[in-house]
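To keep things clear, I will list the structure first and then write my remarks on it.
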Amino acid sequence: IRIVGRAKDIIIRGGENVPVVEIENILYRHPAVRDAAIVGMPDQRLGERICAFVAPRPGEEFSFEAMADFLAEQKMAQQYFPERLELIDDMPRNATGKIQKFVLRERAAALAQEELPNRKRRTG
């Protein structure tokens, strides 16, 4: 069986289902966030970790700390906080404008291979 599409919008982290859309909707409320997408990042211990890809609004700054503070202010359960933030200029999109999460999952998998000690990094 191969799962594609909406069913893959659930991250299973340490046996717990993480509500991806709920996290994305909260991130979209942040004034510095233009686009946001949450994907699973492979992890040997937990199965998957939560990786946030965010495209900030022009001229705005966004950081891992700002994200965590905002999620806490919005009363998001701490176990749903992303463990990694990747800032990108633009989200990969298909011809109809939908975010191509499979591309972001591939990037997250590559990042998991690198496993940098710093969980925030700017990519293009």
Side-chain angles (χ1 to χ4, degrees):
I1 295 175
R2 183 170 181 232
I3 298 173
V4 295
R6 298 294 291 169
K8 197 59 185 151
D9 274 353
I10 291 178
I11 295 171
I12 302 173
R13 180 184 179 275
E16 184 173 0
N17 291 351
V18 175
V20 169
V21 174
E22 184 179 334
I23 302 167
E24 289 172 345
N25 287 341
I26 290 174
L27 287 175
Y28 272 110
R29 290 186 217 149
H30 192 285
V33 174
R34 179 172 40 98
D35 265 330
I38 301 292
V39 298
M41 174 185 245
D43 183 78
Q44 288 183 349
R45 186 175 61 86
L46 297 172
E48 290 181 295
R49 287 188 291 140
I50 305 164
C51 181
F53 284 88
V54 171
R57 292 185 188 279
E60 295 287 338
E61 294 291 323
F62 193 69
S63 67
F64 187 87
E65 293 77 16
M67 176 183 67
D69 290 346
F70 187 73
L71 292 174
E73 289 170 12
Q74 300 297 310
K75 308 290 190 237
M76 169 68 61
Q78 193 156 7
Q79 67 265 29
Y80 298 155
F81 282 29
E83 287 103 345
R84 184 168 188 133
L85 169 64
E86 289 295 313
L87 298 176
I88 58 177
D89 295 328
D90 292 300
M91 292 289 170
R93 296 185 183 275
N94 65 16
T96 62
K98 185 176 178 192
I99 294 174
Q100 294 178 314
K101 285 202 171 181
F102 73 93
V103 173
L104 297 177
R105 279 191 285 277
E106 289 171 2
R107 286 189 194 178
L111 292 168
Q113 291 296 317
E114 294 173 15
E115 206 47 82
L116 299 174
N118 187 353
R119 291 187 177 156
K120 48 193 169 158
R121 192 180 108 193
R122 181 153 185 101
T123 59

Exercise. Which value, rounded to the nearest 0.5 Å, describes the distance between L85 atom CG and F62 atom CZ?
Worked result: 6.0 Å

For this session: Look up atom CG in D69 and atom CD in E65, then write down how far apart they are to the nearest 0.5 Å.
Result: 8.0 Å

For this session: May I have the step-by-step check of side-chain contact (heavy atoms from CB on, under 4.5 Å) for E48 and D43, ending in yes or no?
Result: CA-CA 5 Å; E48 290 181 295; D43 183 78; 5.8 Å; no

Problem set entry | E83 and M41: CA distance, side-chain angles, deciding distance, side-chain contact (heavy atoms from CB on, under 4.5 Å) verdict | CA-CA 9 Å; E83 287 103 345; M41 174 185 245; over 6 Å; no

For this session: Of all the heavy-atom pairs spanning P42 and A109, show the shortest one and how long it is.
Result: CD-CA, 3.7 Å

For this session: For residues 69-101, pull every pair meeting ring pair (Phe, Tyr, Trp, His ring centres under 6.0 Å), keeping only residues two or more places apart or in separate chains.
Result: H30-F70

For this session: Assess whether atom CD of Q79 is packed by more than 12 heavy atoms of other residues, nucleotides or ligands within 6.0 Å.
Result: yes

For this session: Please report the closest heavy-atom contact between R107 and I88, naming both atoms and the distance.
Result: NH1-CG2, 3.6 Å

Exercise. Given a cutoff of under 4.5 Å between side-chain heavy atoms of I, L, V, M, F, W and Y, with clusters grown through shared members, what are the other residues clustered with V103?
Worked result: F102

Problem set entry | Set of salt bridge (charged side-chain N to carboxylate O under 4.0 Å, His left out) partners for R57, sequence neighbours left out | none

Seminar exercise, completed: Sorted by chain and residue number, the side-chain hydrogen bond (donor to acceptor under 3.5 Å, both in side chains) partners of N17 (sequence neighbours excluded) come out as none

Exercise. In terms of hydrophobic clustering (I, L, V, M, F, W, Y; side-chain heavy atoms under 4.5 Å; direct or indirect links), are L46 and I50 co-clustered?
Worked result: no

Seminar exercise, completed: Correct closest heavy-atom pair for G40 and A108 would be O-CB, 3.8 Å

Problem set entry | Side chain proximity check, C51 to E86, heavy atoms < 4.5 angstrom | yes

For this session: Decide yes or no on side-chain contact (heavy atoms from CB on, under 4.5 Å) for L104 and M91, but give the supporting numbers first.
Result: CA-CA 8 Å; L104 297 177; M91 292 289 170; 4.0 Å; yes

For this session: Say whether, by atom type as modelled, one donor and one acceptor occur between the side chain of R34 and the main chain of D89 under 3.5 angstrom.
Result: yes

Using distance only, find each side-chain donor-acceptor pair of residues 19-29 under 3.5 Å and give its atom names and separation, not counting sequence neighbours.
residue	atom	partner	partner atom	Å
E24	OE2	I38	N	2.8
E24	OE2	K101	NZ	2.4
N25	ND2	V21	O	3.3
Y28	OH	D35	OD1	3.2
Y28	OH	A36	N	3.2
Y28	OH	A36	O	3.3
R29	NH1	Q74	OE1	3.2

